[in-house]
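Heads up, the thing below is written out as structure tokens.
Per chain, numbering begins at 1; letters A, B, ... match sequence-line order.
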Protein chains: 2
Amino acid sequence: MTVRDMAACARQAAWEMAVLPDALRRRALLQMAGALEAEATRIFEANARDMARAAEEGLAAPLAKRLRFDGAKLADACAGLRALAALPDPLGRTQLATELAEGLELYRVSCPIGVIGVIFESRPDALVQIAALCARSGNAALLKGGREALETNRTLFSVMDGAARGAGLPAGWAALLETREDVGEMLALDDWIDLIIPRGSNAFVRYIMDHSRIPVLGHADGVCHVYVDRAADIDMAVRVCVDSKAQYVAVCNAAETLLVHRDIAPRALPPLADALRSAGVALRGCARTQALIPCEAATDADWDTEYLDYILSVRIVDSLEEAIAHINRHGSGHTDAIVTQDEDAARAFLSRVDSAGVYWNCSTRFADGYRYGFGAEVGIATGKLHARGPMGIEGLCSYKYKLLGHGQTVGGGVRFTHRPLHRDCPLDVQSP
Amino acid sequence: MTVRDMAACARQAAWEMAVLPDALRRRALLQMAGALEAEATRIFEANARDMARAAEEGLAAPLAKRLRFDGAKLADACAGLRALAALPDPLGRTQLATELAEGLELYRVSCPIGVIGVIFESRPDALVQIAALCARSGNAALLKGGREALETNRTLFSVMDGAARGAGLPAGWAALLETREDVGEMLALDDWIDLIIPRGSNAFVRYIMDHSRIPVLGHADGVCHVYVDRAADIDMAVRVCVDSKAQYVAVCNAAETLLVHRDIAPRALPPLADALRSAGVALRGCARTQALIPCEAATDADWDTEYLDYILSVRIVDSLEEAIAHINRHGSGHTDAIVTQDEDAARAFLSRVDSAGVYWNCSTRFADGYRYGFGAEVGIATGKLHARGPMGIEGLCSYKYKLLGHGQTVGGGVRFTHRPLHRDCPLDVQSP
């Protein structure tokens, strides 16, 4: 089947999925979990073939670790499916209800987006999560995983597809793309596909954004900051900063720059530097930082760099305002944290920093769909339209306006009342 | 000032506007209204110069009518400003509140998008509305009106800018672009501008969408349908159909195609055709339509055509399903209506038709921000991401996630509770 055929099929499936009852979409996820458990051996065998090929090709150890799909990963994936099935239905929700005129009622009701193309890394559990998020929210999905996970993905997909169709999802509810050429074809199908979500390297995401007329949600960079305010608790600052930087360096929500208020720098920087060095982090500081702690000099480029490594740039700022201006200039709008005991400083930081996540006294590493309680995430968006931050099933929904009348016309001289209604759309009865 | 400078200025202004209190943004709108009334003579003189030039250049009468800005239009514009000022603040609203873990609280709070570029037609009242919608929602605006309204727009803008800055909006909260070259420059400033909203012809909107990396919201086509179901009240069908087609033909929410169920066609088509012809509408029908009423033959191209004129294509369908499939294939996702007394048919139509507005027993002409109770609209979007349908101040808002902790780290072994909280973010106290 060509990618165009898959997309046409997905388009048709999406129209069917938009009206499937919640219970059926839930059941599809539960049956996927059951089928994955039943077919565990076949899945592990496929993964072993991928792992063997990766070893031959000399795949780096951290990537090989992500590629592995074992009993623990399967258990997590199935628990995730069951958790998603248990979340409330995101569809058919009345978001706004207004009487426009007597007997003329406007309801804004959530609905699926339609057909979503997702391109993701070589982590087989990502396939399970993304397919499940799309199915739960009534969207059809075109899925392209990493090349290294080819056999695992094929097996996972075939098991999930069988279970989903057995539960009543329409054929074409999801399709698996396998080559770069497939992705190129998909990007041209703006008549059929409503949204592309690319996950992966900065360069890759930018390439996708530049080569498609289809709307793209995602993030290219994750240049996250921790700002240690003059009124910070220094012990807390050390904990938050070490976790933000070093708990897992290869991810977009890890911190890349530490900003420290000049008044607290002489007391805060030495313990911060000690703790970060103990965690294996190399520091690159501005001139004033270098006067307080031994470290390499940061260059201008450092403030814009996503290291994804055990490196942190450090800058002393004269004020909260300077910290905010630095972040709004050099940040990527992903996630930025302030450590302070001063509520006014926190309020200003959280209002003025123009990022998807603005945190007070906690680690930037919390920026994640699972941690936010969304069950999982299909991606993290740093733009400001539609979904911002981690995107779960709610981010995969659109809405439509339903207007219910009794023959009203504009020319007939309607008297507008614009009275808020406190009820759901009578045509959309939510399942319990 | 270059467009780049205007955009940089707007970017800075937008950061300031995001934290201005509601009362100040309201006051700015009220003072704009007062200033426009005070400067009425100067505004009418500028408009007289535009009208004179338009007459010299032989502007068509309907366009000249839209260009005129007289006492009635001024009164409407000022009433609109005051109505927008009275709407509840769209900013600082807590949309989601979850306890992630003990003492770690997540709030999703609405905020402005940032810098918005709007390109609109030669209707001076559009400038007033759009600038006001942006200011009310805390967004900075780059505004490009139609060439014909140049002098009126300059005067309106200068009066509104003075009043807004007097009320405390930052310099650069809005800027007026005047040439096509300005628009070209604006489209390249994806570092500074968050959203482009183009209003105007199909070709123009497509051009904008294809020539910018900045997200675009709007609509190219408005191919709207009225479907007369087998269970329609024929009198109502006639009223709704005539209003949808002929109440104002030059607008995107006017109907272009009438679909009629075959069972009701012999009874419904003759009175529909009579009423439409009386309203000046020429019909183009499918073969089965031509067998029932005298009319020109429709070609395949007719089903995809936005006439914006006194022309309506007519097709007989065998079923509700066929009507829905026709609309999803040929429609533009704008607004489509069913006329029926059968609630199940209405439910199916409203669920399955994949359009921004889906109407039951009322005219497609209601698709409009003012009629929806949004005070005004900055545009109508037919995409499915972010805002769909008429966009008012809510469509001009984004959100951010605010996470409030007490030093929590991911590595520290947080126990997630994911408990819904029933309160607003304590850092965002809504004004009454």
When every non-hydrogen atom of A/His418 is compared with those of B/Tyr370, the smallest separation belongs to CE1-O, 3.2 Å

For A/Asp243 and B/Gly412 the tightest heavy-atom approach is OD1-N, 4.4 Å

Counting heavy-atom pairs under 4.5 Å with chain A, the top scorer among B/Lys402, B/Gln247, B/Arg388, B/Glu394 is B/Arg388

Of B/Leu96, B/Val240, B/Asn328, B/Asp368, the largest count of non-hydrogen pairs under 4.5 angstrom with chain A goes to B/Asn328

Between B/Cys362 and A/Gly405 the two heavy atoms that sit nearest each other are SG-N, 4.2 Å

If one checks every heavy atom of B/Thr335 against chain A at 4.5 Å, the contacting part turns out to be neither

Rounded to the nearest 0.5 angstrom, the CD-NE2 distance for B/Gln341 and A/His406 is 8.5 Å

Okay, A/Arg419 and chain B: the region with an atom under 4.5 Å from a heavy atom over there is neither

What one should report as the nearest heavy-atom pair of B/Tyr372 and A/Leu106 is CG-CD2, 3.6 Å

Heaviest contributor of heavy-atom pairs below 4.5 Å to chain A, chosen from B/Arg347, B/Arg213, B/Arg371, B/Arg365, is B/Arg371

Answer key: most heavy-atom pairs under 4.5 Å with chain B among A/Thr98, A/Val358, A/Val339 is A/Val358

To the nearest 0.5 Å, atom NE2 of A/His386 lies from atom NZ of B/Lys384 at 11.0 Å

Closest non-hydrogen atoms of B/Ser363 and A/Val410, given as atom of the first, atom of the second and distance, are CB-N, 4.3 Å

Separation between CG (A/Leu350) and CG (B/Leu404), nearest 0.5 Å, reads 6.5 Å

Whatever's closer than 4.5 Å to a heavy atom in chain B on A/Phe349 counts as neither

d(A/Gln95 CD, B/Gln95 CD) to nearest 0.5 Å is 10.0 Å

If one checks every heavy atom of A/Ala387 against chain B at 4.5 Å, the contacting part turns out to be both

Bottom line for A/Arg352: the part with an atom under 4.5 Å from chain B's heavy atoms is both

Most heavy-atom pairs under 4.5 Å with chain A, out of B/Phe416, B/Phe366, B/Trp360, belong to B/Phe366

Interatomic distance, CG@B/Asp354 vs CD1@A/Ile113, rounded to 0.5 Å, equals 11.0 Å

Ranked by heavy-atom pairs below 4.5 Å to chain B, first place among A/Gly389, A/Cys425, A/Ala356 goes to A/Ala356

When the 4.5 angstrom heavy-atom criterion is applied to A/Thr364 and chain B, the contacting part is neither

Counting heavy-atom pairs under 4.5 angstrom with chain A, the leader among B/Trp15, B/Tyr401, B/Tyr248 is B/Tyr401

Heaviest contributor of heavy-atom pairs below 4.5 Å to chain B, chosen from A/Asp191, A/Val414, A/Thr409, is A/Thr409

Nearest heavy-atom contact between A/Pro215 and B/Leu385 is CB-CD1, 3.2 Å

